Participant: 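I have a structure here, written as structure tokens, and I will follow up with some questions on it.
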Amino acid sequence: MPEPAVAILGDRFPRAARLRRRGEFDRCYRQGRRLHAGAFTLHALPGAGPVARLGTTVTRRVGGAVTRQRLKRWTREVFRRSPSRAALAGCDLVVHFRPDAARLVFAELQRELERLLAEAARRRRTP
RNA sequence: GGAGGCCCCCGGGCGUUCGCUCCUCCGUCGUGACGGAGGGGAGGAAAGUCCGAGCUCCGACGGGCAGCAGGCUCGCUAACGGCGAGGCGCGAUGACGCGACGGAAAGUGCAACAGAGAGCAGACCGCUCGUCCCUCCGGGCGAGCAAGGGUGAAAGGGUGCGGUAAGAGCGCACCGCCCGGCCGGCAACGGUCCGGGGCACGGCAAACCCCCUGCGGAGCAAGACCAAAUAGGGGAGCGGAUCGAGGGUCGCCCGUCCCGAGGUCCCGGACCCGCGAGGGCCGGGCGCCGUUCCCGGGUAGGUCGCUGGAGGGUACCGGCAACGGUAUCCGGAGAGGAAUGAACGUCCCCUCGCGAGAGGGACAGAACUCGGCUUACGGGUGCCUCCGCCC
RNA sequence: GCCCCCAUCGUCUAGCCAGGCCUAGGACACUGCCCUUUCAAGGCAGCGACACGGGUUCGAAUCCCGUUGGGGGUA
């Protein structure tokens, strides 16, 4: 059976759509294009895979475990429903939060992250 | 009504949509995914990592020294620095709370400054007597004293009476203290009916230390297993007894078991000499096969460890209680860049607003698992204490 | 995750183990004055700290407990 296409994936977010190894993160940091928002950075690395893959990193300086987990969950939620997701198929993405991300609320994060995702998708089509 | 104390409980509920993770069942490809159905899915502190255990590895263990920890008594417990009850001390008007609470009549040490004197002490101002000088005030010398003043955190019992030149446990009464007996209590300790002692023995052991008790180390990134590559590789062992250099583990030392180069004897030999008894020589063999162990090589990855356990609820029984016993019921997370989220409706509480409505609802996220402690934090029931007012 | 260590002026540090001499010392920096035509250098003076909360002691930066905040090791 061929790998499931993005259209079949829909709004779902299984393991195949997540970065899971140290090396994959490092490759994004070193070779990926960086896009900045107020409190976080998006590292985007184009690839040949069938789906876009996402990883999230938060420094301990951001806050306690609850704060850091919340940011990761929000990030996944935005990515999962993002309209730019299909256009980014094959890309490896890492969202890294900086210490002042603790003051973010969901609506603000959603607006900024959507902006970066759309930008990444646009630059991929027209390099 | 206001301030507080103690114990216990809860940690938002219901519904819809889109997702995540694990388990079971079914189906398809195929042995791991995908699809479908059903079910489970953060806490009272999951936290800090401060104690105590289980579990795993370091080969097993004993003794001494060192080190560390604990330290009123009796219980509870797998264990504890935890909990319960009791004793003593301190704090609070009180309910109640807090306590590193063994030893200073073993030794060593410490006590700045002030003060005459700080450890088996001391006489600065004083008090008294004698004597001398002096008109008086007062002063010198000798002797006795420590009541009063003063210094200090601390100055060798307190109050009163007697006593005296003035004084002093010098004597007496009461209080306190020490020793012994008696009584109550398992004990810590208490009582003070009894006897003895005029009182010596100050403080600090979160100073060294002494006494008693306990403790091997590391930690699930412990540890175990698996396919593949360097690699169809290399090395050692595969009879017994005895002696035994030495080696190996928990900070050090010693010892037992353990491992063990090698020696001796026994043993073996298809080789050499001899007719033979036997002697010599060689050997614990080489090659091949089998088997055990080591190196490669425990690194990245995968699987296991991984959740059912000193488990929880209820009832009865024993116990003041902590807790224990019996019966019965329940099944309560197991991820791995790491699952509980997002959006909305409604109910509950609080704030703002005449109102429609708006905003807010704490501390905080499992990572091998338990028992505690500590810290953070929202709310509630009950009982109790003190104060004010009313009847 | 686990295991350790540390905390003193704005910065770097001494004192801590054996408590009192600490009203906490030094260097650089900062402020003012002197010197100089001016600046620098130099001299004098000043400002300025024991992370926080309890406890032990007559007395705590020092000893003990807790909290907070930093740092390191470990695959």
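Bear in mind that the values here come from a model prediction, so they are computed numbers and not experimental data.
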Participant: Taking only the side-chain heavy atoms of A:Val66 (C-beta and beyond), determine which of B:C18, B:A364, B:U340 contains the nearest atom.
Facilitator: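 Side chain of A:Val66 sits closest to B:A364.
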Participant: May I ask you to say what A:Thr57 touches in the nucleic acid, namely base, sugar-phosphate or nothing, with a heavy-atom cut-off under 4.0 Å?
Facilitator: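 It contacts base atoms.
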Participant: When you measure from the side-chain N and O atoms of A:Trp74 to the phosphate of B:A342, is any distance below 4.0 Å, counting only OP1 and OP2?
Facilitator: yes
Participant: What is the pairing partner of B:C316, taking Watson-Crick or G-U wobble pairs with both distances under 3.5 Å in any strand?
Facilitator: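 When the pairing criteria are applied, B:G325 turns out to be the nucleotide that pairs with B:C316.
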Participant: Does NZ or CZ of A:Arg70 lie under 6.0 Å from the centre of the six-membered ring of A:Trp74, at an angle within 45° of the ring axis?
Facilitator: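 The answer is yes; both the distance and angle limits are met.
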Participant: Considering heavy-atom distances to RNA chain B, does A:Val58 or A:Glu77 have its closest nucleotide positioned more toward the 5' end?
Facilitator: A:Val58
Participant: Checking one value: the base orientation of C:G15, syn if chi is within 90 degrees of 0, otherwise anti.
Facilitator: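 Chi for C:G15 falls in the anti range.
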Participant: Would you mind telling me which of B:C18, B:A366, B:A338 lies closest to the side-chain atoms of A:Arg76?
Facilitator: B:A338
Participant: Syn or anti for B:A42, taking syn as within 90° of 0?
Facilitator: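 For B:A42, whose glycosidic angle is within 90° of 0, the conformation is syn.
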Participant: Between B:C22 and B:G302, how far apart are the two P atoms, rounded to whole Å?
Facilitator: 15 Å
Participant: Where each residue is assigned the nucleotide of RNA chain B containing its nearest heavy atom, which of A:Phe106 and A:Arg73 is assigned the position nearer the 5′ end?
Facilitator: A:Arg73
Participant: For the side chain of A:Ala65, starting at C-beta, report the closest nucleotide among B:A339, B:A342, B:A366.
Facilitator: B:A366
Participant: Contact class for A:Arg81 (heavy atom, under 4.0 Å): base, sugar-phosphate, or nothing?
Facilitator: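 Base, at least one base atom sits under 4.0 Å.
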